[in-house]
Amino acid sequence: MELFELTALEIARKVRNREVSAAQVLESHLHHITAVDGVPGTLGGDQNTEPDKVHAFITLTADRARQQAAAIDAQIAAGQDPGPLAGVPVSIKDIFCVAGTASTAASKILANFTAPYTATAVERWEQAGAVVLGKVNLDEFTYGSSNESSAFQPAPRNPWNTAHVPGGSSGGSAAAVAALEGPISLGTDTAGSIRLPAAYCGVVGLKPTYGRVSRYGLIAFGSSLDCPGPLTRTVADSALALGAMAGADSRDATAATVPVPNYLAELEKDVRGLKIGLSPDYFRITYFDAASGDLMEQPVPASVRQAVLDGAQKLAQRGAEIVENIPMPHTKFGIPAYFVISRVEAASNLHRYDGVKYGYRTIGQVEDLRSLYRQSRAQGFGLQPKLRILMGMYVSAAQYSEQYYNRALRIRSLIRRDFDEAFQRVDTLLTPSTPAPAFAIGGIYGDSVLMQYADQLLVTGNHAGVPGISVPAGFEESGLPLGIHFFAPDFREDLLFRAGAAYEAASGPRNLAPAWVRGASSSLEVQS
Amino acid sequence: MEYEAVIGLETHIQLNTASKIFCSCKADSWNAAPNTNICPVCTGMPGVLPVLNRRVVEKGTLLAAAMHADLQPVSFFDRKNYFYPDLPKGYQISQYDRSLAKGGYMDVPQADGTLRRVTIWKLHMEEDAGKTKNDLISGSRRIDFNRCGVPLIEMVTGPDLRSADEAANYLTRLRQLLRWIGVSEADMEKGHLRCDANVSLRRKGETILNTKTEIKNVNSIEAVRTAIVKEIDRQSRAYEHGERIEAWTLEWDEDSQTLKKMRSKETEADYRYFREPDLLPVYLTDEWRAAILQDFPELPLARRARFMAGYGLPEYDAELLTAERSLSDYFEKAVQAYGGEAKRVSNWLMNDVLRMLNDSGKTTAQLALTPAYLADIIKLVEAGTINTNTGKGLLEKVNASGKSPEEIVRAEGLAKVSDDGAIRAVVEQVLAESPGEVAAYRGGKVGLIGFFTGQVMKKMQGKADAQKARALLEEMLR
C-alpha cells in the first residue's frame with residue numbers, strides 16, 4: 001500500500017512512531033497529485049483541458065509544505081510530539097485565508113489577493129502537525145453545487161466519473177480526498193456545501209454545529225449559516241480532524257465556548273441504545289415548477305430511499321432503536337428561506353470587493369467613483385455572485401424585507417423548532433444526503449434554482465445550526481457514489497461519529513478510491 | 001409674521017476607550033500618520049470578523065443612564081449597507097431597531113433661568129468610518145482608515161430646541177456631561193463630539209413640523225450657533241418671500257462662515273438594515289449593569305443645585321465650581337476639611353486655585369496642593385497666624401514643594417508678628433531713615449502713611465500685623 005492511500009489516523013500514528021517521516025508522506029502525496037490532478041485551475045483557463053484528470057487544486061504550495069514537513073520531522077527527531085495530525089497532508093478550500101498564499105475564493109475579483117493572516121481552523125490544524133498541501137477549487141465564493149462556476153478552470157471533476165461534477169461548493173475538497181490527494185480537506189458548508197460533494201464523491205463530509213469551529217479567516221458567504229468542516233475518507237478521520245480545530249476563538253464572537261469532547265473516544269461507543277429517527281419529510285423533494293410556479297412534490301428515487309432504509313437496518317442490527325415517522329413539516333421551505341437569507345447576507349458580504357483596497361480593479365478609464373465601483377464589480381464578479389447580489393439587494397430593500405427577509409427568518413425559526421421537537425424523541429435523524437447522485441458536467445448548470453434543490457435535505461441543518469454528517473453508502477447502478485446522512489442536536493457531533501462509524505463498520509470494507517486513481521501513480525513511475 | 005425655530009441635533013460621540021470597537025487597534029489616532037493604526041479587522045479584509053469591545057457597552061450604558069434613557073436588557077447590532085471608499089466593508093456595523101437604550105432626556109438650563117427639556121430619540125453604539133480627502137493637486141482621493149472602527153455613540157434629540165442659543169447650550173451641557181461621566185474627551189476640534197443640526201421654522205403657536213434642512217460639518221459650539229442663526233435667517237426670509245423650503249443638506253464652511261448646499265434630499269437612502277450575523281446579541285444582564293452603574297456620579301446639574309441649596313453658594317459660584325467634576329470634588333473636599341463657611345473656600349478656589357490651574361494647564365488631581373492643604377491655609381489666615389498675602393503666596397509654595405502649609409510657615413518663619421515691641425523697633429528704624437517723609441507727613445501729607453506701612457512690612461518680610469504697624473506709625477508720627 002502506498003503512503004498516499006493511508007488514512008490520517010494511520011499517517012499520524014506512523015509518523016509519531018517514526019515508521020515513516022513526514023517528508024516521505026508528503027512526497028508520496030505530491031507525486032500522486034502530479035499523476036492524477038492535472039493542470040491546476042487558472043483564471044481564464046479552459047474548462048475542457050485534460051477531461052480525464054481531477055483538477056482539484058488551484059494553488060499547490062509544495063515548497064511551503066516541504067518546510068512544514070521538515071519542521072515536523074525535526075520535532076520528532078528532537079523527541080517532541082508534533083500533535084494528533086503529525087505529518088498529515090491536508091488541502092484547504094480556497095475560501096480560507098492562509099498567510100502568504102493566494103486566497104482567491106475562485107473569483108477573478110480576488111485572484112490577486114494574498115492573505116496576510118491564517119484562518120483559525122487552518123492554524124489549529126497546522127499547530128496539530130498537519131502539512132498544508134495547498135488550496136483547492138470551489139464554486140466562485142462557494143456559490144454553487146457543482147464547481148462549474150469557478151473562475152479558475154478547468155474546474156474539479158468527479159474522480160468516480162470525470163464526466164460528472166464533484167458537487168459543491170467544496171468540490172475541490174471532495175475530489176481531492178476521493179482521489180487520494182490527501183486524507184483530509186477543509187471545506188465549508190452553508191447549505192450542504194460539504195455534505196453534498198462528499199456524497200457525490202463517496203467520502204465523509206461533516207458540517208459541525210454552527211459555532212463549533214471558528215469562522216475567522218473564512219471568506220464569508222452567509223455569515224449566519226457558514227460552517228467550516230472536514231472532508232475525509234473515514235468517519236474516524238472526520239472525528240480526528242474536527243477535534244483538532246473545534247473550540248472557542250477570541251477572534252470569532254460566534255465561536256462557541258462549549259467544551260470539545262474527545263471525539264475519537266466517543267466514536268468507539270457504537271450505537272447500542274441510540275434512538276435513530278426517520279422522517280417522511282426527508283423522503284420527498286418539494287420544488288416550484290418552473291413553468292407554473294406551483295409547488296410540486298415527488299418522492300426521492302428508490303435507490304436513495306433504499307440506501308437510507310438499508311442503513312437503518314444495519315444500525316438496528318447493532319442495537320439502535322429506529323423511530324419512524326418523525327414529522328419535520330417545514331423541511332420543504334428550507335430552500336426558499338435559504339434563497340432569501342443567504343442572499344441578503346451574501347450581497348452585504350460582497351460589498352467590500354469594490355476595487356478600492358485590494359482585489360481586482362478595472363483597468364478601464366473611469367470618470368467617477370460610481371463607475372469605478374460598477375466596472376470593477378461588473379468585470380470582477382462572475383455570474384453567480386451577480387445573481388446573489390441582485391436577489392439579496394431586492395429582498396432586503398425596505399419595501400420588500402417584510403415580505404421576504406423577515407418571513408424567511410420566521411421560517412428559519414420553524415425549521416429549528418422541527419429539530420427541537422424531533423430531538424426530544426430521538427438522538428439522531430437518518431436522512432438521504434442528496435436526492436440523486438452527481439449530475440453530469442453541464443447538466444443543469446445555469447439553473448441555479450434547480451441546482452439548489454439538490455441541497456434541500458441538507459440546508460435545514462444550516463438553518464437550525466445543528467450538525468450533520470454524510471457518509472458513503474455504496475454506489476448507484478451508474479457507478480456513482482451515494483451518501484446517507486445523520487443530523488444530531490447542537491454540539492452532539494459525537495453522536496454523528498458514533499452512528500457514522502457504526503454504519504461504516506456494518507457495511508464492511510469498501511472501495512475507497514476509483515481504480516484509475518490507485519493505478520495512476522504506478523503508471524507514472526513506469527513512465528519516469 | 002413671527003416664526004419659531006424648531007431644531008433637533010444629531011450628535012456622534014467618540015468614546016474614550018483604549019481600543020477600537022471591534023478590534024484591538026488603539027481607539028485614538030490623533031496625530032498618527034494615515035493608515036498606521038489599522039489591522040485586517042478594521043480595514044475589512046476578507047474573512048475577518050468583528051469582536052465587540054465590552055468597554056464600549058459600558059461607556060454607552062453610562063451615557064444612557066445619564067440621559068435617563070431606558071437601558072435594554074438585550075440589544076442587537078445591525079448592518080447599515082452603503083458604498084463609500086472610506087467604509088472598507090461596504091457596511092457600517094451599527095444598531096438599528098433594538099439599540100442599547102430607548103428614550104431619555106436632558107434638562108438644559110437657559111439664560112433666563114428656565115429649563116428646556118430635550119428628549120432623546122435615538123441612542124446607539126456604532127463604528128466610525130475612515131476619512132476621505134480629495135487631493136486637488138493630483139486629482140486623486142486619499143483614504144485614511146485610522147478612524148475606521150473607532151467607537152461612537154450616535155445620539156439624536158427630538159425637535160425640542162427653539163433657538164441657536166438653546167442648541168449651543170445643549171451642546172455645552174452635553175460636553176460637560178460626557179467629560180463628567182468619563183465616556184468621552186468631547187473635544188469638538190478633534191472630532192470627539194460631532195454635530196449635525198436639523199432646522200425648520202413654523203409660526204409661533206403652531207405644533208406642526210415643516211420641511212427641515214440639515215446642517216453638516218459644524219465642528220465647534222460657536223459654529224453650530226452661527227450656522228443655525230444664519231439658517232433661521234435664510235428660512236424666514238424665504239418664507240417672507242413666499243418660497244418653499246426644500247429638504248437640503250447644507251455644509252457649514254468655517255472659513256467663509258457661510259452655509260453651502262451639498263445636495264437635495266429627494267428620497268431617503270435605503271440602507272437595507274439587517275442583523276449583523278457576526279456578532280451575538282448584547283445581553284446587558286442585571287449584574288453587569290449594576291457593576292457599570294455602581295459608582296455612577298451625581299450629575300452636574302444636580303450638584304450645582306446642591307451647592308446652591310446646601311452650601312449657600314451664589315449661582316455664579318455653583319456654576320463655575322461644577323464645570324468639571326474634578327473641580328467640584330476638590331471643592332467639596334476642601335469645604336469638609338475647612339469646616340467653616342463654604343463661600344470662603346469658593347472665593348479662594350475661584351480667585352487663586354483656578355488661576356494656578358489655568359497657568360499650569362494642570363487638573364486638580366495633579367495639584368500637590370491638596371484640598372486639605374487649601375483648607376489649612378484658609379484656616380491659618382482666619383486664625384490670624386499669617387497675612388492674607390502670605391496665605392496666597394503659600395498656595396504656590398505648598399504646590400511646588402508638596403509640604404504642608406504649617407511646615408512651610410514654621411520653616412520659613414512666615415507667621416504674623418503681632419508683638420508690639422518688635423514692630424515698634426522697626427517703626428523707629430523706618431522713621432529714622434526717612435526724615436523728609438516724616439516732615440512732609442507732619443506737614444499734612446497724611447497719605448504718606450501707606451508709604452511708611454509698606455516700608456515696615458518690607459523690612460519684616462510681610463509678616464507684621466499690618467493693622468498694628470499702622471496704629472504704631474500713626475501714634476509715633478503724631
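Naming convention: chains lettered A, B, ... in sequence-line order (proteins, then strands); numbering from 1 in each chain. Since we're looking at a predicted model, the values are computed, not measured.
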Open item on the list: Is A:V356 close to chain B through its backbone or its side chain, or both, or neither, when contacts mean heavy atoms under 4.5 Å?
Closed with: side chain
Task: From CA spacing to verdict: salt bridge (charged side-chain N to carboxylate O under 4.0 Å, His left out), B:E154, B:K80 - done: CA-CA 14 Å; B:E154 180 177 319; B:K80 179 180 180 180; 5.4 Å; no
- [ ] Check whether the ring centres of A:F141 and A:F221 lie less than 6.0 Å apart, and answer yes or no.
- [x] no
- [ ] Let me know if B:I143 has heavy atoms under 4.5 Å from chain A in its side chain, its backbone, both or neither.
- [x] side chain
Open item on the list: Can you tell me which portion of B:Y271 sits under 4.5 Å from chain A's heavy atoms? Options are side chain, backbone, both or neither.
Closed with: neither
- [ ] Would you mind checking which part of A:Y394 comes under 4.5 Å of any heavy atom in chain B, side chain (CB onward), backbone (N, CA, C, O), both or neither?
- [x] neither
Task: Donor on one side chain, acceptor on other, A:N349 and A:S223, under 3.5 Å - done: yes
Open item on the list: Looking only at heavy atoms and a cut-off of under 4.5 Å, which of A:A105, A:A398, A:S214, A:A115 has the most pairs with chain B?
Closed with: A:A398
Task: Per-residue contact mode, A:Y117 against chain B (heavy atom under 4.5 angstrom) - done: side chain
Open item on the list: Donor-acceptor pair, distance only, cut-off 3.5 Å: does the side chain of B:N134 make one with the backbone of B:R141?
Closed with: no
- [ ] Flag the pair A:E345 and A:R343 as a salt bridge only when some basic side-chain nitrogen lies within less than 4.0 angstrom of an acidic carboxylate oxygen.
- [x] no
Task: Contacts of residues 86-100 of chain B with chain A (heavy atom under 4.5 Å) - done: B:P88, B:K89, B:G90, B:Y91
Task: Residue pair B:L62 / B:I292, side-chain heavy-atom distance below 4.5 Å - done: yes
Open item on the list: Are more than 12 heavy atoms, taken from residues, nucleotides or ligands other than A:Q365, located less than 6.0 Å from that residue's CD atom?
Closed with: no
Open item on the list: Looking only at side-chain N and O atoms, does A:D139 offer a donor or acceptor that is under 3.5 Å from a partner on A:S169?
Closed with: no
TODO: Side-chain contact test, heavy atoms from C-beta onward, threshold under 4.5 Å: evaluate it for A:K207 versus A:V466 and give yes or no.
DONE: no
- [ ] Sort B:N81 into side chain, backbone, both or neither according to what part of it lies under 4.5 angstrom from a heavy atom of chain A.
- [x] both
TODO: Using non-hydrogen atoms and a 4.5 Å limit, figure out which bit of A:S250 sits close to chain B: side chain, backbone, both or neither.
DONE: backbone
- [ ] Classify the side-chain pair B:E58/B:W288 by whether it contains a donor and acceptor separated by less than 3.5 Å.
- [x] yes
TODO: Look at A:L350, A:N406, A:V344, A:D354 and state which one has the largest set of heavy-atom pairs under 4.5 Å with chain B.
DONE: A:V344
- [ ] Measure distances from A:L409 to the heavy atoms of chain B and classify the residue's part below 4.5 Å as side chain, backbone, both or neither.
- [x] neither
Task: Residue-level interface, residues 43-50 of chain B with chain A, non-hydrogen cut-off under 4.5 Å - done: B:T43, B:G44, B:M45, B:P46, B:G47, B:V48, B:L49, B:P50
Task: Distance-only polar pair, side chains of A:S224 and A:R412, donor-acceptor under 3.5 Å - done: yes
Open item on the list: For B:S184 and B:K59, which I'm curious about, is there any donor-acceptor pair between the side chains at under 3.5 Å?
Closed with: no
Open item on the list: Check the orientation of A:Y353 and A:F381. Use parallel for under 30°, tilted for 30 to 60°, and perpendicular for over 60°.
Closed with: perpendicular
- [ ] Decide whether A:S348 and B:R79 meet the rule of one side-chain donor and one side-chain acceptor closer than 3.5 Å.
- [x] yes
Task: Donor on one side chain, acceptor on other, A:E123 and A:W125, under 3.5 Å - done: no
Task: Part of A:R370 within contact of chain B (heavy atom distance under 4.5 Å) - done: neither
Open item on the list: For A:L110, which atoms come within 4.5 Å of any heavy atom of chain B: side chain, backbone, both, or neither?
Closed with: side chain
